[in-house]
Amino acid sequence: MARKDEIFMSFLKHEIIQEQYDIPPADLPKTIQEGLDSKHAIIKTLAVVVENTEGPNNILTDKALYAQITQFLNLETNDY
């Protein structure tokens with residue numbers, strides 16, 4: 001398992017994520033790539049943050065990353 005995947009998984013295991021969002025264990029991804037493809041906006045958001053802060057693949061500027069995270073979180077809010 002890559003370091004990015006381990007960091008991502010540690011976020012998913014956090015009590016706030018487990019208590020705040022009603023995500024079935026079967027829907028929890030095992031890798032960042034699976035997280036980026038998730039139907040759950042909070043999981044996508046965490047995957048994007050980790051993907052763009054760890055490693056040489058930092059293709060988004062801070063402003064673009066902020067906009068993408070805000071978009072995902074707004075989608076999550078509208079789903080409830």
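This chain uses plain numbering: 1 for the first residue, then up along the sequence.
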Next on the checklist: Evaluate Ile43 against Leu28 for side chain to side chain contact (heavy atoms under 4.5 Å, CB included), listing each step before the verdict.
Outcome noted: CA-CA 8 Å; Ile43 291 175; Leu28 291 175; 4.0 Å; yes

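With rounding to the nearest 0.5 angstrom, the CD atom of Glu6 is 12.5 Å from the OG1 atom of Thr31. With values rounded to the nearest 0.5 angstrom, Ile17 atom CD1 is found 10.5 Å from Glu19 atom CD. Atom CG of Asp5 is separated from atom CD of Glu34 by 8.5 Å, given to the nearest 0.5 angstrom.
Formation of a donor-acceptor pair under 3.5 Å by the Ser10 side chain with backbone atoms of Ile7 is found in this model. With hydrogens and angles ignored, the 3.5 Å screen pairs no side-chain donor or acceptor of His40 with any backbone N or O of Ile42. Panel note: side chain Asp27, backbone Ile23; no donor-acceptor pair is recorded below 3.5 Å.
Among Met9, Glu51, Gln33, the single residue meeting the side-chain contact (heavy atoms from CB on, under 4.5 Å) criterion with Lys4 is Glu51.
Proximity of Leu12 to Pro29: side-chain heavy atoms (C-beta onward) are separated by under 4.5 Å at one or more points. Taking the side chain as every heavy atom from C-beta outward, Val50 and Phe11 approach each other to under 4.5 Å.
The two residues Ala47 and Gly35 make their nearest non-hydrogen contact at CB-C, 3.8 Å.
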